[in-house]
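Side chains are part of it too, since the values below use all heavy atoms of this structure and drop only hydrogens, waters and symmetry mates. Quick note: residue numbers are just sequence positions, from 1. The shown structure was predicted, so the numbers you read here are calculated from the model rather than taken from an experiment.
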Amino acid sequence: MTELIWEGKYIDGGDGKASRKAAPLRVALPFQTVETVNESAQLRQRTLDLFSAGRDAEWRNRLIWGDKKYVLPSLLPEFAGKVNLIYIDPPFNVGADFSFTATIPDNPDTDDDETTSFVKAPSVIEMKAYRDTWGRGLDSYLQWFYETAILLRELLAEDGSIYVHLDYHVAHYAKLVLDEVFGVTNFVNEIVWRRAFAHNDPARCGMIHDNIYFYCKGEKYTWNKVFQKPSRDYIEQFFDQYDEKRKERYARLPLDAPRHGDGGNLLYEWKGVYPSKNRTWAYVKEKMEEFDKAGRIHYPKNGMPRLKRYESEYEGTVIQDIWTDVNKIHNQSPEQLHYPTQKPEALLERIIRASSNENDLVLDCFCGSGTTAAVAEKLNRRWITADLGRFAIHTTRKRLLSIENVRPFVVQNLGKYERQVWQAAEFANGLGDKKPSLTDKRIQADMQQAYRDFILKLYNARGITGYVWLHGLKNGRLVHVGAVDSPVSVGDVKNIVAEFKRAVGTGKDAPATNGVDVLGWDFAFELNEVAIQQAAQANVNVKFLRIPREVLEKKAVEQGDIRFFELAALKVKVDVGKKSLGSAMSTSRKTPKVSDAGDAKKPLGFPKTPKVSDARAVMLMLEDFVIPPDDVPADVQRAIKHWSQWIDYWAVDWDNKGDAFHNEWQTYRTRKNPELQKSAAHTYDAAGEYMIVIKVIDILGNDTTKTVRVKVG
């Protein structure tokens, strides 16, 4: 067998064993649902009831934030052999990066349009992913691609198909990898997509096409005929006759065909004409009479009669392997999201229609702007899509919400489970023979201490001993390091504050200020306001900082790329019952209807704004949003004059029960409707006490949550 070899494909077997191919990581982790979107209270309760009864919940499409090296093996336990169609548009340009264009919306306090944009540099985690892919050039790319292809093949159903979208940089190498993984005999097509009309490339032909490789997994695979609309040139050339009666152009098709056998009842004289040698008519005489009566036969002055095919009846030609009729997205297109790798919906619609049926499962693990998920949703397919970029997940969420009657979907990540694997791999080292027994409490304590020392070092803090909740000291402030597998809670902060007060004046590790820095991976919904207020009452200044996901990446740590950012703060006014509710634009529990794929109208058909006398009515009004400036370029900070310019999107869970955030209402900026609605109202069906969670996503794709409790009667 002919085989493509690259550095890193084979590794030494050790102990005299032969070399073997390097295999992909196969750590299957549980997914965490961090948000449900567009799910009614009734559907939510039904899901909880099914879960309590030990039965499978109803299907929910999935939007997953995470690295595909963890996401794909984590999908295998549930979806191995069950995915009907895979489309991937992986990185294939050695000059590509993860930067994106972010928009600073208009300042609402001025009459002038001050909307502007800036390019957001990629995060450290995204740069690390790029280095993993291209760090050793083509060798590392091919290993990365090979491992991905292996996992995708395992996910694919026996009658499934995969489309891999590449360009000239790596397409010819990648095809050999796909041949090896899927089998040469399972190669179906190389599709050439003309993505641009013309390029003025110096000293060579203009490079205007991409390659899409289409493979199946087994002998049988789904294939639905998809027709390609002909060009005007084709119509002008072949539909060259005009029917005055129908006022329509038509083409002339043969009415005769090659003879098979003796011709049978297809061999007869028609209107004085007899088929030529070795040919018969294509239709029996009765059918010819039907055509003639309907005026469907063209009779030339001399020669064979022909069948009329009218332009309105012409579906086009069955798609060929060169696609020139799907154009790239122009700047004024309703689809345009200004996402660098965005592909036109027409391209994905053709692929999904051809190689899947309704309710089939479609997977894309490089979701980008969400084109695959959006088209699969519109074509009534189930879908799973994933991406490493936080902004990609936010862009996709907004895009899906702009689809009328979008089905409920969930936003997931691997969260604490990914961190647990990292912690065990990194900090169980050096424990000698004790390493296999990580359930031992002593081993766990040693591992926790090694983890805390590591985080404190990254934070430039000095470790301290003798405390349970206080772990370090920096610039006179004590430091708490949150666990990898649980969010920092209000109860944690109470314990931190109590221990802080006991630490005052106790020795060399006593605090020099009244400050505590709390470092955490995740934070409880209600933490930022409630905990800070409680700490302030005890005269303790608490600051919350997020441990960045980049900590998990050794390369980022080695390069000193780790930065801790303070949580953003959101101020919300809450009016309940008879207090003035203003004029809320919607009390929606549904998704806004839309005029096109990109822009939401004001919601239609929703419950009316609550009456001021309604004791179960609640109004939320955004009043301020403060984002720490650490991660924001100075010129962007200067361009923002009003707090609302930071906000791109916000959503509300009106009755959170301490589980995932349930997105029951949302509003967001779009290109056609860039103004941000700053209030939302809701009427509860029953009196009682409710926990409301508000989620804000800023223009960089970062989310901030706030919790308020209301009592309605």
Side-chain angles (χ1 to χ4, degrees), residues 99-121 329-340 342 369-370 390-402 568-573 582-586 588 591-604 619-652 665-681 694-704 706:
S99 62
F100 60 85
T101 300
T103 299
I104 301 175
D106 186 33
N107 181 355
D109 289 344
T110 64
D111 293 330
D112 297 331
D113 185 358
E114 299 175 34
T115 304
T116 186
S117 62
F118 66 97
V119 175
K120 172 67 173 65
I329 305 169
H330 61 78
N331 284 336
Q332 299 306 312
S333 169
E335 289 181 41
Q336 181 59 261
L337 298 173
H338 298 289
Y339 198 91
Q342 184 179 355
S369 64
R390 184 189 293 269
F391 193 77
I393 297 300
H394 175 50
T395 301
T396 301
R397 182 202 280 112
K398 283 176 58 177
R399 184 173 189 171
L400 291 166
L401 283 167
S402 294
L570 175 67
K571 184 178 180 182
V572 179
K573 181 181 179 183
S583 56
M585 291 170 63
S586 102
S588 163
T591 301
K593 295 181 181 290
V594 296
S595 55
D596 58 53
D599 296 281
K601 292 180 179 178
K602 292 180 181 180
L604 303 173
M619 169 76 103
L620 304 177
M621 289 158 282
L622 303 189
E623 292 195 326
D624 198 7
F625 182 60
V626 179
I627 182 171
D630 305 20
D631 194 31
V632 183
D635 55 339
V636 176
Q637 295 181 46
R638 289 191 295 270
I640 293 182
K641 310 296 183 184
H642 190 275
W643 60 266
S644 66
Q645 290 175 277
W646 287 115
I647 301 176
D648 185 62
Y649 168 111
W650 65 289
V652 182
W665 178 94
Q666 75 285 138
T667 185
Y668 48 90
R669 302 182 193 270
T670 66
R671 202 152 48 89
K672 286 187 178 179
N673 297 307
E675 293 185 11
L676 184 73
Q677 179 181 330
K678 299 184 186 67
S679 61
I694 304 104
K695 174 182 282 192
V696 166
I697 299 180
D698 64 35
I699 58 176
L700 302 176
N702 304 305
D703 59 277
T704 300
K706 180 182 180 66

Problem set entry | Side chain proximity check, Arg397 to Ile697, heavy atoms < 4.5 angstrom | yes
Exercise. Is a side-chain N or O of Lys695 found less than 3.5 angstrom from the main chain of Tyr649, in a donor-acceptor match?
Worked result: no
Problem set entry | Listed partners of Thr115 passing side chain to side chain donor-acceptor pair (under 3.5 Å), at least two apart | Asp113
Seminar exercise, completed: Value for CH2 (Trp650) from CG (Leu620), rounded to nearest 0.5 Å, stands at 5.5 Å
Exercise. Backbone N or O of Glu623 within a donor-acceptor pair of the Trp643 side chain at under 3.5 Å?
Worked result: yes
Problem set entry | Separation between CG of Leu622 and NZ of Lys678, rounded to the nearest 0.5 Å | 8.5 Å
Seminar exercise, completed: Scanning both residues in full, the closest heavy-atom pair of Gln342 with Ser369 reads CG-OG, 3.4 Å
Problem set entry | Gap between atom CG of Asn702 and atom CH2 of Trp646 - 0.5 Å precision | 10.0 Å
For this session: Measure from the side-chain N and O atoms of Arg399 to the backbone N and O of Glu335, and report whether any donor-acceptor pair falls under 3.5 Å.
Result: no
Exercise. Do the side chains of Arg669 and Thr103 get nearer than 4.5 Å, heavy atoms only?
Worked result: no
For this session: Using salt bridge (charged side-chain N to carboxylate O under 4.0 Å, His left out) as the criterion, list what pairs up with Asp106, not counting sequence neighbours.
Result: none
Exercise. Mind checking whether Asp703 and Arg390 have side chains closer than 4.5 Å, heavy atoms only?
Worked result: yes
Exercise. Do Leu676 and Pro108 come close enough that some side-chain heavy atom pair is under 4.5 Å?
Worked result: no
Exercise. Which heavy-atom pair separates Gln666 from Ala651 by the least distance, and what is that distance?
Worked result: CB-CB, 3.8 Å
For this session: Measure the spacing between CZ of Phe625 and CG of Asp698 and express it to the nearest 0.5 Å.
Result: 5.5 Å
Problem set entry | Gap separating the CD1 atom of Ile393 from the NZ atom of Lys398, nearest 0.5 angstrom | 14.5 Å
Exercise. Once you round to the nearest 0.5 Å, how far does NZ of Lys641 lie from CD1 of Ile104?
Worked result: 10.0 Å
For this session: Keeping the roles fixed (side chain from Gln336, backbone from Ser333), state whether a donor-acceptor pair exists under 3.5 Å.
Result: no
For this session: Write down the atom of Asp648, the atom of His394, and the distance for their closest heavy-atom approach.
Result: OD2-NE2, 2.7 Å
